[in-house]
Amino acid sequence: MSWLQVIVLSVLQGLTEFLPVSSSGHLRIFSTWLFGADAGASFTAVIQLGTEAAVLVFFFKDIVRILVAWFRGVFNARHRDDPDYRLGWYVIVGSIPIAIIGFFGKDLIRDAARNLWITAIVLIAFSFVFLLAEKFGRQDRPVDNQSLKGLTMKDAVVMGLAQCLALIPGVSRSGGTISAGLFLNMSREAAARFSFLLAIPAVLASGLFSLPDAFEPSVGQSATGVQLIVGSVVAFVLGYAAIAWLLRFVQNHSLAWFAGYRIVLGLVVIALLATGTIPAT
């Protein structure tokens, strides 16, 4: 990979990882459109470590609070009524589906699922899921936007299953999980906050698991260690800003804004594919 490609794709990763527009879809599209080749799922997974580091820093106090409560509850039954203890279990249980599917479906994810026809169609189709979630989600559940007190195991399972859809470029991890939260009548802010916490185990595991393959990928392009480090740092800085922006944005704005953008982008990609401007694979 060239340095220009690494920087451009890292900027895209940082800006889009936490927005419901699909960072993997954007990297898949623009890598092919601008540079003539798919950078590959492994490169994407590794620089996601940069954006995931942004989550760890942004939510550091929350993460420490949850971890302390979880370990205290594991070793002392008297502390198991603590909402943070239960929240720790919700993150763990919600992460299990994507861990299983990601592990057993890794070859499909790295190859067949990255066809640009699939990405374009999914960008458009899943936009209507956002619109339906906004229309039918009442957002009246008593789930605290900051502490997430009121969250249930059912919420964790449903949002965890929704997170699995993000393995397909074009869906969006945050878009899938926030939409699921809206269908469960959570507020956008509460759904977004749990979405970020839920992403931590999955993205860290995916990035670390893909690290060796990023240097000599079976599918996609290779990157040097320095390129991966620089790309992760760029993604971290922009990812941190994107988290702060999105949490403010969803307080008063609908996901419909992102749905409109996704539909336009999907149609542009279909036009590029139909005219032979870019290859599907």
Side-chain angles (χ1 to χ4, degrees), residues 12-13 15-30 32-33 44 94 97-98 101-102 105 108-109 112-141 143 154-196 198-199 202 242 245-275 278 280:
L12 277 174
Q13 169 65 25
L15 292 176
T16 61
E17 170 66 19
F18 302 112
L19 305 186
V21 296
S22 178
S23 61
S24 59
H26 275 69
L27 265 65
R28 175 68 183 90
I29 292 165
F30 286 94
T32 300
W33 192 0
T44 300
I98 197 169
I101 295 175
L108 180 65
I109 294 163
R114 297 182 67 80
N115 185 289
L116 274 178
W117 281 106
I118 295 175
T119 301
I121 292 170
V122 169
L123 274 170
I124 296 170
F126 213 81
S127 299
F128 292 97
V129 175
F130 293 5
L131 298 175
L132 289 172
E134 287 285 352
K135 179 176 177 60
F136 294 106
R138 297 193 303 273
Q139 299 189 55
D140 58 359
R141 283 272 305 283
V143 178
K154 175 186 174 181
D155 300 327
V157 172
V158 172
M159 294 179 72
L161 290 171
Q163 184 175 227
C164 295
L165 296 172
L167 294 171
I168 305 171
V171 173
S172 167
R173 184 188 308 277
S174 62
T177 49
I178 293 173
S179 293
L182 290 177
F183 280 122
L184 292 166
N185 299 316
M186 295 166 59
S187 70
R188 284 189 217 96
E189 187 177 358
R193 190 169 289 270
F194 185 63
S195 171
F196 292 146
L198 190 60
W245 181 84
L246 182 64
L247 286 175
R248 289 195 301 270
F249 182 86
V250 296
Q251 291 177 14
N252 301 301
H253 297 86
S254 165
L255 294 183
W257 290 93
F258 298 106
Y261 166 77
R262 289 165 54 97
I263 290 171
V264 171
L265 178 60
L267 291 173
V268 169
V269 174
I270 288 174
L272 292 172
L273 290 167
T275 56
I278 57 175

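Start at 1 with the first residue, then count along the sequence.
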> Under 4.5 Å between any side-chain heavy atoms of Phe196 and Leu246, yes or no?
Replying inline: yes
> For the residue pair Met186 and Val143, what are the closest heavy atoms and their distance?
Replying inline: CG-CG2, 4.3 Å
> Between Phe128 and Ile263, is a side chain to side chain contact (heavy atoms under 4.5 Å, CB included) present by the stated rule, with each step listed?
Replying inline: CA-CA 9 Å; Phe128 292 97; Ile263 290 171; 4.1 Å; yes
> Mind checking whether Ile124 and Ile270 have side chains closer than 4.5 Å, heavy atoms only?
Replying inline: yes
> Is any side-chain heavy atom of Phe183 less than 4.5 Å from a side-chain heavy atom of Leu132?
Replying inline: yes
> Given side chains that start at C-beta, do those of Val268 and Ile29 come closer than 4.5 Å, heavy atoms only?
Replying inline: no
>> Has Arg262 got a side-chain atom pairing as donor or acceptor with Val171's backbone, closer than 3.5 angstrom?
In response: yes
> Looking at CG of Leu27 and OG of Ser22, how far apart are the two atoms once the value is rounded to the nearest 0.5 Å?
Replying inline: 9.0 Å
> Do you know the tightest heavy-atom contact between Phe130 and Gly176?
Replying inline: CE1-N, 4.5 Å
> Under the 3.5 angstrom rule, does the side chain of Ser195 hit a backbone N or O of Ala191 as a donor-acceptor pair?
Replying inline: no
> Okay, side chain of Asn185, backbone of Arg138: is any donor-acceptor separation there less than 3.5 Å?
Replying inline: yes
>> For Gly25 versus Thr119, what's the shortest heavy-atom pair and its separation?
In response: CA-CG2, 4.0 Å
> Is a side-chain N or O of Arg173 found less than 3.5 angstrom from the main chain of Ala166, in a donor-acceptor match?
Replying inline: no
>> As a quick check of understanding, evaluate side chain to side chain contact (heavy atoms under 4.5 Å, CB included) for Leu165 and Phe126, giving each step before the final call.
In response: CA-CA 10 Å; Leu165 296 172; Phe126 213 81; 3.7 Å; yes
> How long is the span from the OG1 atom in Thr177 to the CE atom in Met159, to the nearest 0.5 Å?
Replying inline: 5.0 Å
>> Parallel, tilted or perpendicular, judged at 30° and 60°: which one describes the rings of Tyr261 and His26?
In response: parallel
>> Side chains of Arg28 and Thr32: any donor to acceptor distance under 3.5 Å?
In response: yes
> So which heavy atom on Ser24 is nearest to which on Gly170, and how close?
Replying inline: OG-N, 4.2 Å
> Hey, what do you get for CD1 (Ile178) to CZ (Phe18), rounding to the nearest 0.5 Å?
Replying inline: 11.0 Å
> Stepwise, does the side chain to side chain contact (heavy atoms under 4.5 Å, CB included) test hold for Trp117 with Leu273?
Replying inline: CA-CA 8 Å; Trp117 281 106; Leu273 290 167; 3.6 Å; yes
>> side chain to side chain contact (heavy atoms under 4.5 Å, CB included) for Trp245 and Leu19? Distances and angles first, verdict last.
In response: CA-CA 9 Å; Trp245 181 84; Leu19 305 186; 3.7 Å; yes
> Nearest heavy-atom pair of Leu184 and Lys154: which atoms, and what distance?
Replying inline: CD2-CE, 4.1 Å
Please report, to 0.1 Å, the donor-acceptor pairs under 3.5 Å made by any side chain of residues 251-258, with sequence neighbours excluded.
from, atom 1, to, atom 2, distance (Å)
Gln251, NE2, Leu247, O, 3.4
His253, ND1, Phe249, O, 3.1
Ser254, OG, Ala256, N, 2.9

> For the residue pair Val269 and Leu116, what are the closest heavy atoms and their distance?
Replying inline: CG1-O, 4.2 Å
